[in-house]
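Since we're looking at a predicted model, the values are computed, not measured.
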There are 2 protein chains.
Amino acid sequence: MSMTDTAVRRRQGSARRRVLDAAGTLFYAEGIHAVGVDRVIAEAAVAKATFYHHFPSKDDLVGAYLQEQSDQVRGVTLPTGDTPEEQILSVFDAIGEYTCGPGFRGCAFVNAAAEYPDPRHPVRRVIAAHREWFHGVLRDLLTAAGRPDAVRTAAMLVVLRDGLVVRGDLDHPADSETRALVREAVTRVLA
Amino acid sequence: MSMTDTAVRRRQGSARRRVLDAAGTLFYAEGIHAVGVDRVIAEAAVAKATFYHHFPSKDDLVGAYLQEQSDQVRGVTLPTGDTPEEQILSVFDAIGEYTCGPGFRGCAFVNAAAEYPDPRHPVRRVIAAHREWFHGVLRDLLTAAGRPDAVRTAAMLVVLRDGLVVRGDLDHPADSETRALVREAVTRVLA
DNA sequence: CCGATGGTAGACAGATCTGTCTGGTATTGT
DNA sequence: ACAATACCAGACAGATCTGTCTACCATCGG
């Protein structure tokens, strides 16, 4: 006799995993307040009690969702290139490509912040931590490049990144134009 | 005998006006989905029937809210300075100041877009129109400055603007640092 | 074999959301 | 003077939201 459906699902991934996957897709694509817990539960094929066992409240799920986004971005952001300048360029090339890809809907953190105004809210803290991490990455690369104004230049590059992400969501830019714009913008900022 | 309260309110502004004011404050400060029609009605001191007379649905109010934001920004964005370059700088100086002011909560359009994913939604169209207007302003100034790459440079400046606005909301930057950063960034982009 | 663990299904409560409707009042143009 | 217009107060319907609770099932370590 074959395994039950439940057993199969257990092997393929825990309920918590499925909930996080569903939340990632739905929250990012449609917004957080627009997606109810019931929708997440249905998409994840999970019982309500199980959901509230793993995430005591919806806000906990939102926090976990953003933390996972942060972890993922940190894992993917691996500068390539010989010099620090090339490495910075590689990071922004990836951003340019990403923001023109299908299904791009802006920055998960910026979008979430729009729905969580209170800077002291846990969700906002995850966002702030992620932004500090990214600023640190750029600052370290700039320092390695021997720049005395690494902090300010890093801030400028973060501004560039945020602007590119908004543009990718709202202006439907072409891939090729974006590639050129990114390289020119980074070059000018680093000039 | 003195005028009734109703008469006073009539003189001070129509119900529609009060609704738009309340919506502007609440939507911007707390987000759109987070603010119910009942809250807007209470804040505006307006009857529900009156509200739905002026705005057949909440989405209509959201559209009017953003349209008003757009009109206001267009009215305020008056470049000052002798040369086109100075005028561009003046526009960005104002942005830098604005994004460090009290109560700043990011760009009303970017924030609204986070809650309205569908690009064909009327709300998104208002946003797109506003962005095209701003890009046009910059493009015209750059053209007047005799630049051949006005369109692309304008796109880069829009990116800069969006990034500055995100920064103002999420990074709580100091006024002075922002002033310096803005001038340096604009200078480098126009270099 | 059996208890602990983690999962399923779904009813339920209470709040809140959008939108409608009734009925009354005040102002205004003619 | 009077009809039209705009507004007010608030009940109501129906949907949806978060979160709780009961009751049952399957797997696994000891």
Please evaluate residues B/E115 and B/N111 with respect to the criterion side chain to side chain donor-acceptor pair (under 3.5 Å), reporting the C-alpha separation (whole Å), side-chain torsions for both, the decisive distance (0.1 Å), and the verdict. CA-CA 7 Å; B/E115 301 198 63; B/N111 289 353; over 6 Å; no
Please confirm whether the backbone N or O of B/A44 pairs with a side-chain atom of B/R18, one donor and one acceptor, at under 3.5 Å?
->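 Yes: the side chain of B/R18 pairs with the backbone of B/A44.
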Quick note, B/A49 side chain, CB onward, closest among C/dT8, C/dG7, C/dT22 is C/dT22
Review point. Looking at the side chain of B/A15, which of D/dC8, C/dT18, C/dG7 is the nearest nucleotide?
Key: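 Comparing D/dC8, C/dT18, C/dG7 against the side chain of B/A15, the answer is D/dC8.
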Testing the 3.5 Å rule here: is there a donor-acceptor pair between the side chains of A/S70 and A/R74?
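On atom types as modelled, these side chains qualify, holding a pair under 3.5 Å.
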Between [X] ([atom1]) and [N] ([atom2]), how many Å, whole number?
X: B/H33; N: D/dA15; atom1: NE2; atom2: P; answer: 20 Å
X: A/I32; N: D/dC17; atom1: CD1; atom2: C1'; answer: 16 Å
X: A/I41; N: D/dC21; atom1: CD1; atom2: P; answer: 16 Å

(request) Return each pair, listed once, that meets side chain to side chain donor-acceptor pair (under 3.5 Å) where at least one residue sits in residues 39-60 of chain A; pairs must be two or more places apart or across chains. (result)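 Output for this query lists A/E30-A/R39, A/D38-A/K48, A/S57-A/D60, A/D59-A/Y116, A/D59-A/H121.
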Ignoring backbone atoms, test whether A/R18 places a side-chain nitrogen or oxygen under 4.0 Å from the OP1 or OP2 oxygen of C/dG6.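 Checking A/R18 against C/dG6: no side-chain N or O falls below 4.0 Å of OP1 or OP2.
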Donor/acceptor link under 3.5 angstrom from B/K48 side chain onto base of C/dG19: yes
Check the pair A/E97, A/V182 against side-chain contact (heavy atoms from CB on, under 4.5 Å), reporting the backbone distance first and the verdict last. CA-CA 10 Å; A/E97 199 163 338; A/V182 165; over 6 Å; no
Which ones in residues 50-63 of chain B lie close to DNA chain D, meaning a heavy atom under 4.0 Å from one of its atoms?
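When residues 50-63 of chain B is checked for heavy atoms under 4.0 Å from DNA chain D, the hits, listed by number, are B/T50, B/H54.
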Subject >> Set of side-chain contact (heavy atoms from CB on, under 4.5 Å) partners for B/T83, sequence neighbours left out >> reply: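 For B/T83 the side-chain contact (heavy atoms from CB on, under 4.5 Å) partners, ignoring immediate neighbours, are B/E85, B/E86.
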